[in-house]
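Heavy-atom basis, side chains included; hydrogens, waters and symmetry copies ignored. Here the structure is a predicted model, which means the values were calculated and not measured.
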Amino acid sequence: MKNAIIVHGTTSRRDYYSTDSPSPSNSNWYQWLQRQLIVHGIQADTPEMPLAFKPGYELWQREVQRYEIGPETMLVGHSTGAALWLRYLSEHPQLRVDKLVLVAPWLDPNNIKHTTFFDFAFDPSLASRTNGLTIFNSTNDHEGVQWSTQIICQVLAGWKFKSFDNYGHFLSKDMGTEVFPELLAELL
């Protein structure tokens, strides 16, 4: 059965514990994308990553392992969620997935999160275990994402690059909307 797993990025500690902010998995375009995929007959999940203000790889890995991941699975990662999928697939070389889409991938180049989450070696042939690896980048995203994207493009082979102007970090406040038709089109 075709399925998708959409993983959000990090948030601030204040927003994570705020009763006035949506949970990370319910913010931005994640719920809209999940609903669109379900309407198209694709089981889609947006797991809530534990302690999203200070990501721990073991905790996040345990969370995504609750879902079926196989040849018909589409993986979407935004920011730190993209790093999760890169590490997960690099550490599980037997896994083959349908599509992998990295939206504003972030590898924490200055270690501002003070975590070992990003300490891993890429599997350079990772894209060969997918039916397509696509990287979404905005020209006005912050320097850390631009650096992360360059590293990913240098190390991995077989990717497709989609560049956008003025989408910022692909947050609703940057895009001015919670719909993301370009991402939906890439998955369908």
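Both tests pass for R87 against the ring of Y57: distance under 6.0 Å to the centre and angle within 45° of the axis.
With hydrogens and angles ignored, the 3.5 Å screen pairs no side-chain donor or acceptor of Q43 with any backbone N or O of K2. The main-chain N or O of M74 is never found under 3.5 Å from a side-chain atom of D98 such that the two would form a donor-acceptor pair.
Two residues are said to be in side-chain contact when any heavy atoms from C-beta on lie closer than 4.5 Å; W29 and V179 fail this criterion. Side-chain atoms of R13 and K54, non-hydrogen and from C-beta on, never get closer than 4.5 Å to each other. Contact annotation: the side chain of S138 never approaches that of N166 to less than 4.5 Å [non-hydrogen atoms, C-beta and beyond]. When side chains are defined from C-beta on, L107 does not count as touching V145, because their heavy atoms never get closer than 4.5 Å. Within the 4.5 Å cutoff, no side-chain heavy atoms of N140 are placed close to those of D165. Residues Q31 and Q36 fail the side-chain proximity criterion, which asks for heavy atoms closer than 4.5 Å. Counting heavy atoms from C-beta on, the side chains of W159 and L100 never come closer than 4.5 Å.
Here the CZ-CD distance, from F164 to E182, works out to 5.0 Å after rounding to the nearest 0.5 Å. With values rounded to the nearest 0.5 angstrom, L33 atom CG is found 12.0 Å from N28 atom CG. The distance from the CD atom of Q34 to the CD1 atom of I5 is 11.5 Å, given to the nearest 0.5 Å.
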V64 vs M49, test: side-chain contact (heavy atoms from CB on, under 4.5 Å). Steps then yes/no. CA-CA 9 Å; V64 297; M49 295 294 114; 3.9 Å; yes
Stepwise side-chain contact (heavy atoms from CB on, under 4.5 Å) check, L187 with I42: CA-CA 10 Å; L187 294 169; I42 299 166; over 6 Å; no
Can you list the steps and then say if F117 with W60 is a ring-ring contact (aromatic ring centres under 6.0 Å, His included)? CA-CA 9 Å; F117 191 101; W60 285 35; 5.2 Å; yes
Apply side-chain contact (heavy atoms from CB on, under 4.5 Å) to F136 and F180, showing your working. CA-CA 12 Å; F136 279 52; F180 198 171; 3.6 Å; yes
F120 vs F118, test: ring-ring contact (aromatic ring centres under 6.0 Å, His included). Steps then yes/no. CA-CA 6 Å; F120 68 97; F118 306 93; 7.9 Å; no
Check against side-chain contact (heavy atoms from CB on, under 4.5 Å), S79 and V103: CA-CA 6 Å; S79 194; V103 179; over 6 Å; no
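The aromatic rings of W106 and H142 sit perpendicular, their planes meeting at an angle over 60°, well past the 30° parallel limit. Ring planes of Y30 and H78: tilted class, angle from 30 to 60°.
Checked by atom type, the side-chain pair S18/D15 shows no donor-acceptor distance below 3.5 Å. A side-chain N or O of H169 and one of D141 form a donor-acceptor pair less than 3.5 Å apart. Using modelled atom types, one finds a donor on one side chain and an acceptor on the other under 3.5 Å when comparing T73 with N3.
Among the candidates I6, L183, T130, the single residue satisfying the side chain to side chain contact (heavy atoms under 4.5 Å, CB included) test with V101 is L183. A side chain to side chain contact (heavy atoms under 4.5 Å, CB included) with L102 is found for exactly one of L133, L75, V76, N137, namely L133.
At a threshold of 4.0 Å, the pair E186-K162 counts as salt-bridged, since one of the basic side-chain nitrogens sits closer than that to a carboxylate oxygen.
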